[in-house]
Amino acid sequence: MIVDAVVSLLAVGAFAFALKGLAIVGVAREALNLAAAGVSAMLDRELDDLGKEAAVRRAGFGLIKSAFSIFWRFGLTLAAAAVPIFVAELVGLASSVDVINFMLQWEYILGLSILGVLLSEFIRRRQSPSVKEDAAANRYSTADRLIHMIAFSHPKVLKSASRLEDALMPITAEQASFRPIFITSLARAGTTAVLNAIYDMPSIATHTYRDMPFLTAPRLWNLLAGGSSRTVERRERAHGDGLEIDLDSPEAFEEVVWQLCWPDKYGEAGIKCWDETDRENKSEQFLFHHMIKIINARVYRGEVSSFQNARYCSKNNANIARIPFLKSAFPNSQIVVPIRQPGAHAASLLRQHQNFSKLHDQDAFIRRYMRDIGHFEFGQLHKPILFPGVESNGYDRSSGNYWLQYWIHAFREILNYQETCIFVLQDDLRSSPQRTMEDLCMALGLHQSTLQFSRYFRSEPDQAVPGLFDQELYDEAETLYRGMEAVAKRQSAGIRASAQYL
């Protein structure tokens with residue numbers, strides 16, 4: 001019995017050694033990626049028929065090659081495992097039949113499986129930081145990618161998912177007063193931090209990563225995907241800015257619905273602005289119904305206590321292109337616009353543009369993912385919002401001047417809606433987060449008594465990057481910023497005065 005056990009462990013060790021040495025797992029992973037690439041090409045709306053045919057042909061030939069490679073490698077692996085068994089029989093130590101029968105016992109299989117799991121976890125914990133970082137970079141499994149590609153293969157898929165959920169899980173309750181909150185600004189202004197702070201209040205409902213990829217059917221997808229049992233390890237988001245996310249983190253997914261309902265607004269040159277003339281009943285109803293569904297999904301999961309008192313909240317940077325439309329379509333809405341010092345803001349935009357340009361080069365799926373969810377702020381996908389004057393911005397996108405000029409065009413337009421929006425200075429969120437957020441909550445009619453807001457915001461002062469911009473352009477941006485700063489201070493003073501009066 002002891003000899004059989006020793007020989008069996010030698011066979012298992014030889015099998016594991018050969019499995020690793022012959023890189024079968026890597027070849028199998030490559031085969032899965034090839035299959036995913038073929039499916040991705042067939043479902044890619046940006047490819048024409050010839051492009052799809054060429055991509056599928058490449059994937060097919062690659063799969064044939066991978067299948068042959070796996071076959072001979074696995075054969076050698078089995079042969080390696082057989083060597084200790086037959087050597088032991090050859091020298092008279094143990095019978096091959098006895099060793100194989102010993103290995104087929106359920107106690108042996110169970111014990112070996114537990115040992116393998118423990119050993120795997122021990123090795124994982126002992127990995128060097130560089131190995132862990134490489135593993136973290138591969139954020140989406142092949143299955144995740146395939147499901148995403150199916151969901152976003154055509155607008156009809158997401159619209160059909162919405163109708164299916166409506167049929168299977170109808171919403172029976174109604175809100176007497178719909179008062180959505182829209183957090184919007186140029187990217188890197190602090191919209192995510194403000195969203196995270198507001199989201200932790202019990203009445204706020206917004207999109208979370210758990211809704212992906214079937215965003216239009218959040219309850220149905222959550223049920224099919226495993227509900228609360230579905231988890232992922234908390235990790236830093238792709239921006240590399242220190243913010244960590246998991247399935248229950250709020251995120252900017254509302255733009256998917258805008259792309260479904262107003263596709264003509266998205267052109268090669270950029271994203272056109274909306275105004276009151278763009279109102280269209282069918283699209284508005286779909287958008288409104290989607291917001292109600294998000295509230296319902298959060299109530300269903302117990303994240304929001306009451307459907308009637310819940311507030312839909314979105315962080316959508318592209319909504320700065322729609323301020324007059326939003327106030328016309330949702331007259332009870334409130335629009336929050338974080339504002340950051342132009343020099344630091346433009347420098348951050350440039351860094352993220354460089355960051356995502358590299359990511360898009362390294363991983364075609366990340367590029368596709370960002371395109372599908374409507375994140376056109378950076379990288380190869382960058383589509384500027386076509387504020388007045390943006391078309392004539394002659395600067396190269398790899399220069400700080402391009403992003404500072406874009407900042408000027410954006411906030412010059414936003415300043416026109418100072419009576420419509422609530423301006424929040426990022427400098428105030430950094431230096432006095434508690435008071436600034438309490439003022440904002442008061443303006444939004446949100447009750448909070450226990451949240452400590454300092455944990456959501458950086459405390460160090462914002463800094464511009466010297467020499468990154470033309471001085472004349474920088475002075476123009478600073479003058480515009482001072483005007484917006486004055487509006488924000490005046491609004492804050494008015495909020496505090498109203499509170500004292502009450």
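Computed from heavy atoms alone, side chains included, the values below leave out hydrogens, waters and symmetry copies. Quick note: residue numbers are just sequence positions, from 1.
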Query raised in the report: Can you find a heavy atom in the side chain of Thr208 that is under 4.5 Å from one in the side chain of Ser249?
Result: no

Query raised in the report: Atom CD1 in Ile100, atom CG in Leu104: separation rounded to 0.5 Å?
Result: 7.5 Å

Query raised in the report: Given side chains that start at C-beta, do those of Ile294 and Met291 come closer than 4.5 Å, heavy atoms only?
Result: no

Query raised in the report: Is Ser348 close to Arg351 at the side-chain level, that is, under 4.5 Å between some pair of heavy atoms?
Result: yes

Query raised in the report: Judged by modelled atom types alone, do Glu438 and Gln434 share a side-chain donor-acceptor pair under 3.5 Å?
Result: yes

Query raised in the report: How would you list, by chain and number, every residue that makes a side-chain contact (heavy atoms from CB on, under 4.5 Å) with Ser454, sequence neighbours excluded?
Result: Pro433

Requested in this report: Taking all non-hydrogen atoms of both residues into account, name the closest pair between Leu451 and Ala197 and its distance.
Outcome: CD1-O, 3.9 Å

Requested in this report: State, with a plain yes or no, whether a side-chain heavy atom of Asp427 is found less than 4.5 Å away from one of Pro461.
Outcome: no

**Report entry** Asp372 and Arg367 ion-paired at < 4.0 Å
**Finding:** no

Report task. State whether the side chain of His207 and the backbone N or O of Phe253 hold a donor-acceptor pair below 3.5 Å, judged by distance alone. Result -> no

Report summary line: Residues at least two apart in sequence or cross-chain that pass side-chain contact (heavy atoms from CB on, under 4.5 Å) with Ile147, listed by chain then number, are Pro213, Phe214, Trp221

Report task. State whether the side chain of Arg311 and the backbone N or O of Arg179 hold a donor-acceptor pair below 3.5 Å, judged by distance alone. Result -> yes

**Report entry** Where at least one partner belongs to residues 428-437, residue pairs that pass salt bridge (Lys or Arg N to Asp or Glu O under 4.0 Å), sequence neighbours excluded
**Finding:** Asp428-Lys489, Arg430-Asp462

Query - Heavy-atom check, side chain of Leu349 versus side chain of Phe378, under 4.5 Å - result: yes

**Report entry** Contacts of type salt bridge (Lys or Arg N to Asp or Glu O under 4.0 Å), residue Asp166, not counting sequence neighbours
**Finding:** Lys293

Query - side chain to side chain donor-acceptor pair (under 3.5 Å) against Ser357, all qualifying residues, sequence neighbours excluded - result: none

Side-chain donor-acceptor contacts of residues 1-18 below 3.5 Å, not counting sequence neighbours, with atom names and distances?
from: Ser8; atom 1: OG; to: Asp4; atom 2: O; distance (Å): 3.4
from: Ser8; atom 1: OG; to: Ala5; atom 2: O; distance (Å): 2.7
from: Ser8; atom 1: OG; to: Tyr108; atom 2: OH; distance (Å): 3.0

Query raised in the report: Just wondering, do His289 and Ile171 contact through their side chains at under 4.5 Å, heavy atoms?
Result: yes

Query raised in the report: Strictly by modelled atom types, are Asp361 and Gln380 linked by a side-chain donor-acceptor pair under 3.5 Å?
Result: yes

Requested in this report: Indicate the atoms forming the closest heavy-atom contact of Thr206 with Pro250, along with that distance.
Outcome: CG2-CB, 3.6 Å

Query raised in the report: Is the His382 ring parallel, tilted or perpendicular to the Trp403 ring (thresholds 30°, 60°)?
Result: tilted

Query raised in the report: Is Leu223 close to Glu165 at the side-chain level, that is, under 4.5 Å between some pair of heavy atoms?
Result: no

Query raised in the report: With no hydrogens and no angle check, do the side chains of Thr77 and Arg73 hold a donor and an acceptor under 3.5 Å apart?
Result: no

**Report entry** All side-chain contact (heavy atoms from CB on, under 4.5 Å) counterparts of Ile64, not counting sequence neighbours
**Finding:** none

Query raised in the report: If you look at every heavy atom in Ala189 and Gln426, which pair is closest and at what distance?
Result: O-NE2, 2.6 Å

Query raised in the report: Any side-chain donor paired with an acceptor under 3.5 Å for Ser314 and Asn316?
Result: no

Report summary line: salt bridge (Lys or Arg N to Asp or Glu O under 4.0 Å) pairs touching residues 189-203, sequence neighbours excluded, are Asp200-Arg455

Report task. List in chain and number order the residues that pass salt bridge (Lys or Arg N to Asp or Glu O under 4.0 Å) with Glu377, two or more places apart in sequence or in another chain; answer none if no residue qualifies. Result -> none

Query raised in the report: By ring pair (Phe, Tyr, Trp, His ring centres under 6.0 Å), which residues pair with His148, not counting sequence neighbours?
Result: Phe152, Phe365, Tyr369

Requested in this report: Look at the rings of Tyr456 and Phe453 and say which category their plane angle falls in: under 30° parallel, 30 to 60° tilted, over 60° perpendicular.
Outcome: tilted

Report task. Search all heavy atoms of Thr216 against all heavy atoms of Leu158 and return the closest pair with its distance. Result -> OG1-O, 2.5 Å

Requested in this report: For residues Leu429 and Met437, determine if any side-chain heavy atom of one lies less than 4.5 Å from a side-chain heavy atom of the other.
Outcome: yes

Report summary line: Interatomic distance, SG@Cys313 vs OH@Tyr199, rounded to 0.5 Å, equals 10.5 Å

Query - Sequence-distant partners of Tyr266, ring pair (Phe, Tyr, Trp, His ring centres under 6.0 Å), two or more places apart - result: none

Query - Check: Val97 main-chain N/O paired with Asn101 side-chain donor or acceptor under 3.5 Å - result: yes

Query - With sequence neighbours excluded, residues passing side-chain contact (heavy atoms from CB on, under 4.5 Å) with Thr191 - result: Ile183, Ser185, Lys315, Asn317, Pro338

